[in-house]
Structure formats: C-alpha cells, structure tokens
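Just so it is clear, the structure is predicted and the values come from calculations on it, not from any experiment. Reckoned from all heavy atoms, side chains included, excluding hydrogens, waters and symmetry mates. Naming convention: chains lettered A, B, ... in sequence-line order (proteins, then strands); numbering from 1 in each chain.
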Amino acid sequence: MKSEELYALLRRRGVLWPTAEIYGGAQGLYDYGPLGTALKRRLEDAWTAWFVGRSPDYYRIEPSVIVPEAVVRASGHLENFTDPEISCDRCGAHFRAETVLEKVRPEGVDGLAPNQIEEVVRANGLRCPSCGSTTLSVPKPFNLMFDLPFGVGRDERAYLLPETAQASYLAFARMWEVGRKALPLGVAVVGRVFRNEIAPRQVLFRMRAFTQAELQIFFDPAEPPGHLGPRAEELVPVLRADRREQGATDTQLVAARDLVAGGLPEFYVDHLVHMLRFLRDVLGYPAERLRFFEKSEKERAFYNRIQFDAELELESLGGPKEVGAVHYRGDYDLGRHGAASGKDLSVSRPSGRVVPHVLELTFGVDRNLWALADTHLRQDGDRTVWKLPSYLAPVPVGVFPLIAKEHRAYAERLVADLAVAGVEAAYDEASSIGKRYARMDEAGTPFCVTVDGGTVGDGPERDTVTLRARDSKAQERLPATALAARIAPTLRPPRPGPG
RNA sequence: GCGGGCAUAGUGUAGUCUGGUUAUCACAUAGGCUUGCCAAGCCUAUAACCCGGGUUCAAAUCCCGGUGCCCGCACCA
C-alpha cells in the first residue's frame with residue numbers, strides 16, 4: 001500500500017491521527033487512538049520480553065524526559081548549537097564557517113547546508129588558517145533539541161531528552177550498585193524523546209516526539225558479553241561497508257560464524273543475530289526484506305566503533321528504512337559523563353579498574369508500528385487483513401451474537417468471562433456477521449467467537465461456540481469454557497531461549 | 001531549511017481552467033425491515049468546500065497570507 005493510503009486507513013480505524021487535528025495539525029506530532037495505543041503497548045512488551053528478558057542482569061528503568069544542560073553538554077548534543085563550524089583535523093583548531101569562507105564567499109554562509117559549505121571548501125582548496133593544511137572538515141549541525149526554561153527566575157536551562165541512551169548512561173553509577181556490581185549490566189529504557197526536526201515527514205518515520213526502546217549493555221572489554229553457540233549457523237543478511245565502497249548494492253547472506261571469521265567481534269555478531277531474530281521471528285518481518293547495513297567510518301557517528309543499521313524494505317515509503325540498530329560505542333559515553341561530572345565511572349574488575357564499554361541495541365517503536373502496518377496489512381481480494389502475530393494484536397478476540405436479540409446476553413457474559421481469564425475481547429453486534437468479521441480482520445484481531453442457536457439451545461451443542469481464525473477463515477466448534485485456555489498462550493510474546 | 005505539487009462528508013471522489021440551481025457519486029457510519037456464519041437486499045438518516053483576508057452583485061472556483069500533506073534536495077547527532 002502507498003503511504004497515504006495506509007495512513008488514511010490507520011486514521012479511519014483510530015490507530016493514529018495528527019496531534020491537534022482540529023487546529024490543522026502540527027508537523028511531526030501524532031496521537032495514538034485505541035488500536036494504536038494497544039498495539040504500541042504490545043510491541044513494547046514484546047521488545048522488553050525479547051531484549052530485557054535475555055538476562056537477569058538486564059533491567060528496565062523509566063527516566064525523566066527532562067535533563068539539565070550539563071548532560072547534553074557532556075554527551076556532545078549541544079556542540080555546534082549555533083553557526084556551522086569548521087575544524088582542522090590536523091591541528092584541531094575550530095573556526096566559524098563564515099571566517100574561513102570570507103574571501104571566496106563574502107556574502108556569508110547563511111542558507112548553505114553543511115555539505116555545500118564543504119563543497120566550497122574543497123572547490124577552492126581552502127586551507128586551515130592556523131596550520132595551513134587542507135584537512136578542514138565541516139561538522140554537521142545538530143541544533144535539534146527542545147530547550148526549556150528551568151526553575152523560576154533562574155538562568156538554568158534544561159532540555160527534553162533527545163535520545164533515551166543518555167538516560168541509561170546517567171543511571172549507570174546507581175545501577176552498578178542496584179545490579180550488585182556485576183558486568184555485563186543491561187539498562188533498558190522505553191521512552192519518549194524529542195527532536196525539533198527540520199523536516200518531519202513520512203508520518204511515524206520522522207516525528208518530533210517519539211518513542212525509543214533501547215538497551216545499553218555495559219561490559220568489561222576483557223570479557224565481552226555473548227557467545228554465538230548454536231547461533232553460529234544463522235544466516236545474516238548484510239551489506240558490508242567495504243563492498244559498498246566498491247559499488248556493491250546487493251545484500252549477502254553470511255553465516256554468523258563467517259562474520260566473526262571476517263573480523264567482527266563475536267559478542268557483536270551475537271547481538272546482531274538477536275536483533276535479526278526479533279525483527280524476523282518475533283515481529284514477523286519477511287526475511288527477504290530485511291538487511292543489516294554497515295555504516296562506514298565516514299558515515300557513522302564518530303563514537304561508534306561498529307554500526308549496523310537494521311533496515312526493512314517498506315512498500316509505503318518506497319525503499320529500505322532504518323527500524324533498529326546495533327552500535328558498539330566503546331567507552332565514549334561513560335568516559336564523557338565521567339569527565340564532565342567529576343564522578344569516577346570506572347569499576348573494579350579482576351584486571352583492575354575499567355571504564356565499561358557500551359553495546360547499544362536501539363529500536364524505534366513508532367516506526368516499527370508503521371512497519372507492522374506496511375508489512376502485515378494486506379489486501380486479500382475484497383478483504384483487508386492485518387496479519388499481526390497474536391501477541392501483537394491490539395484486540396485479541398471479537399465476540400459476536402449470531403442473532404443480536406437472541407444471543408446478546410450469552411455473548412456479553414462470555415466477554416466478561418474472557419476478561420476475568422485475562423483475555424481482552426471486543427463485543428460487536430452491528431450489521432451482518434460478515435461485516436463484523438471484516439472489521440476485526442482489518443483491526444488485526446486473530447480470533448472471532450460467535451454465539452449461535454446451538455450455544456443457547458438444549459441440544460448437543462449447548463454451551464459450545466464457533467472459533468474463527470483470521471488468516472484461514474476456518475471455524476471450529478468448542479466449549480465456551482475452553483476458549484481462554486486456547487487463546488491465552490498465543491498472546492504471550494516469545495522469549496529468547498537459554499544461552 | 002530550499003524547490004515543485006496538492007487541500008471538497010469518516011474514506012475515495014465530481015465540480016475549480018471558463019465565478020452563478022438545493023455541491024456529484026460510491027463506499028463507510030447510524031436507525032428500521034428482512035436475513036441468519038464471512039463486507040447480501042430494501043427504506044431512512046447523519047455527514048464536506050483547511051483557516052484568515054481580499055476582489056466581485058455573487059467565491060469551493062480568482063488573488064494574497066497562514067496551516068497541513070506529498071515528492072525531490074538537504075538533514076536525521
């Protein structure tokens with residue numbers, strides 16, 4: 001489905017809509033409706049079960065979304081907040097772009113994008129005003145944070161958190177105590193973050209307030225976490241940076257063991273496989289549409305030692321889009337916050353004191369919600385079916401009376417009984433039975449239960465109902481009391497196996 | 001942020017160029033009758049010109065501003 005068609009469907013069904021819609025909306029802000037809220041919650045639960053559930057030493061926390069300026073100053077988010085700067089890679093000197101370009105561009109640099117500035121620098125062979133070398137580079141500006149006045153009548157400034165990762169780094173010292181001083185230590189956050197994007201677009205893919213699910217694994221570089229074990233044979237779709245530089249654009253299927261043999265650390269590949277299995281096996285993205293796109297040294301953020309973006313081919317957005325990533329960030333984050341806060345963030349290990357390294361597993365909740373619509377919402381003849389795995393479906397069961405006035409009471413009681421058993425069910429008696437099935441198909445509901453004459457009669461079918469499966473449309477008859485035991489197990493998200 | 005395009009019921013649309021009747025049609029939604037396991041039928045109802053200003057006897061239609069959306073470029077720390 002095309003993006004606009006998909007968005008119209010999601011709006012119509014109350015999955016999501018623009019914030020402040022009655023005022024014409026606001027760029028990059030969206031509200032989730034009943035179905036969207038339920039789906040998002042289940043997606044977050046599935047993520048937590050899969051990533052945080054991998055180790056008893058992994059914890060989920062809920063941090064503040066407002067942080068003091070010192071945090072974003074130390075993290076590097078505040079640098080280059082205003083004018084573009086040019087720095088010299090050799091001598092390290094910094095200059096305002098206007099100053100360096102003065103002679104060749106007296107009209108100034110306003111309106112020039114960083115790459116255009118870079119082009120002018122290259123084209124004119126501009127040299128560093130300090131040491132005279134031609135190693136000038138233009139950092140990307142990132143003044144994308146929302147700042148807030150903080151406190152009453154104070155000069156202090158605070159910022160809305162631009163990424164959840166920072167909150168985990170801030171929590172490390174406390175979590176080291178809480179986690180009883182064990183490494184590896186995992187600190188996960190599922191939370192809203194805020195970026196004042198220049199050009200929000202593509203609905204949930206570029207928002208100004210969005211939800212990230214991130215797990216930061218702190219570890220001793222002498223004892224990196226994760227061994228492939230039985231995962232060594234897993235075929236991982238990758239597009240390596242070195243091959244791309246030679247012009248390759250095709251995804252290769254490479255066994256995990258061969259990625260390690262080719263030089264990637266085993267713990268890193270292990271987590272790449274873990275991410276792959278989540279996207280493919282838990283969320284059900286088609287394997288052939290997934291790939292891990294390696295960022296080259298030039299492309300990746302300077303603090304990332306290894307970076308593969310998990311990309312998913314999306315029909316609605318016309319290409320592969322990032323839905324998650326695995327970043328090996330080294331000791332950059334704890335090093336920066338340790339230095340800036342004056343608190344020693346190194347820990348005592350058998351080998352001596354070490355600043356833990358960080359492996360970051362990051363996942364964009366909103367864009368994956370969109371991706372679940374893109375990949376699983378299918379037009380099947382006249383039917384529109386959202387083929388979500390049961391544990392992600394916003395509403396797991398629909399309950400209908402075949403004839404409203406005769407079967408209503410029984411069906412309503414069944415809804416209440418299912419709720420008590422922990423299975424949320426939606427009741428619907430409007431229009432024809434076919435339309436009710438169709439409505440539930442569109443909402444992704446995997447099961448529909450119908451109460452009919454047999455159910456309420458005195459014959460052999462007394463107290464039995466029909467259970468209809470969304471994908472096959474097949475029906476079976478079973479006792480109403482057996483429903484919860486039948487459905488509940490399918491609603492639990494998968495957990496990783498041992499090892 | 002730059003350039004281009006677009007904006008009519010819940011959804012998709014006709015009408016806009018060439019200003020003028022009660023704003024078209026389908027689906028959806030609600031109620032009734034009928035039917036009774038896959039969007040059936042009949043009847044009825046609800047429901048729209050993005051916001052603001054201007055031109056004009058008259059604006060969905062022409063002009064200006066705003067907002068939002070789409071595409072390309074740039075950006076995505």
[N] to [M] separation - [atom1] atoms, rounded to the nearest Å:
N: B:C17; M: B:C6; atom1: P; answer: 14 Å
N: B:C51; M: B:U61; atom1: P; answer: 11 Å
N: B:C76; M: B:G53; atom1: P; answer: 41 Å
N: B:U13; M: B:C27; atom1: C1'; answer: 11 Å
N: B:G68; M: B:C57; atom1: C1'; answer: 34 Å
N: B:C50; M: B:A60; atom1: P; answer: 10 Å
N: B:U16; M: B:G31; atom1: C1'; answer: 37 Å
N: B:U56; M: B:G10; atom1: C1'; answer: 35 Å

Calculate the interatomic distance between [X] atom [atom1] and [N] atom [atom2]; express it in whole Å.
X: A:Leu161; N: B:A77; atom1: CG; atom2: P; result: 15 Å
X: A:His77; N: B:A77; atom1: NE2; atom2: C1'; result: 5 Å
X: A:Ile198; N: B:C73; atom1: CD1; atom2: C1'; result: 13 Å
X: A:Trp17; N: B:C69; atom1: CH2; atom2: P; result: 17 Å
X: A:Leu78; N: B:A77; atom1: CG; atom2: P; result: 17 Å
X: A:Met145; N: B:C76; atom1: CE; atom2: P; result: 15 Å
X: A:Asn196; N: B:A77; atom1: CG; atom2: C1'; result: 14 Å
X: A:Lys321; N: B:C75; atom1: NZ; atom2: P; result: 14 Å

Take A:Phe363 and A:Phe278 through the test ring pair (Phe, Tyr, Trp, His ring centres under 6.0 Å) and record every step on the way to the result. CA-CA 11 Å; A:Phe363 178 79; A:Phe278 180 67; 5.4 Å; yes
Using a cut-off of 4.0 Å between protein heavy atoms and nucleotide atoms, how would you tag nucleotides 29-42 of chain B 5' to 3' with B, S and -? S------BBBBS--
Could you identify the nucleotide paired to [N], looking across every strand shown and requiring Watson-Crick or G-U wobble geometry with both distances under 3.5 Å?
N: B:G68; answer: B:C6
N: B:U24; answer: none
N: B:A74; answer: none
N: B:U13; answer: none
N: B:U35; answer: none
N: B:U18; answer: none
N: B:C62; answer: B:G54

Which of the following nucleotides, B:G10, B:C69, B:A77, is nearest to the side chain of A:Gln27?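 Shortest atom-to-atom distance from the side chain points to B:C69.
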Does NZ or CZ of A:Arg201 fall inside the cone over A:Phe205's six-membered ring, less than 6.0 Å from its centre and within 45° of the axis?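 Not satisfied by the 6.0 Å and 45° rule.
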Side-chain donor/acceptor contact of A:Arg12 with base of B:G12 under 3.5 Å: no
Contact between A:Lys435 and A:Asp428 at the side-chain level, heavy atoms closer than 4.5 Å - yes or no?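 No, side chains not in contact.
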Kindly give the heavy-atom pair with the smallest separation between A:Tyr159 and A:Asp147, and that separation in Å. CE2-CB, 3.3 Å
Looking at every strand, decide which applies to A:Pro18 at a 4.0 Å heavy-atom threshold: base, sugar-phosphate, or nothing.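 No contact.
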Touch class at under 4.0 angstrom, heavy-atom based, for A:Ala199 against every strand present: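 Base, at least one base atom sits under 4.0 Å.
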Other residues, nucleotides, ligands: >12 heavy atoms within 6.0 Å of A:Gln379 CD: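 For A:Gln379, atom CD is crowded (more than 12 foreign heavy atoms under 6.0 Å).
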Enclosure of A:Arg477 CZ (heavy-atom neighbours >12, cutoff 6.0 Å):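 Atom CZ in A:Arg477 is packed in, count exceeds 12.
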Are any of the side-chain nitrogens in [X] or [Y] under 4.0 Å away from the carboxylate oxygens of its partner?
X: A:Arg462; Y: A:Asp458; result: yes
X: A:Arg468; Y: A:Asp441; result: yes
X: A:Glu442; Y: A:Arg12; result: yes

Where each residue is assigned the nucleotide of RNA chain B containing its nearest heavy atom, which of A:Gln202 and A:Phe205 is assigned the position nearer the 5′ end? A:Gln202
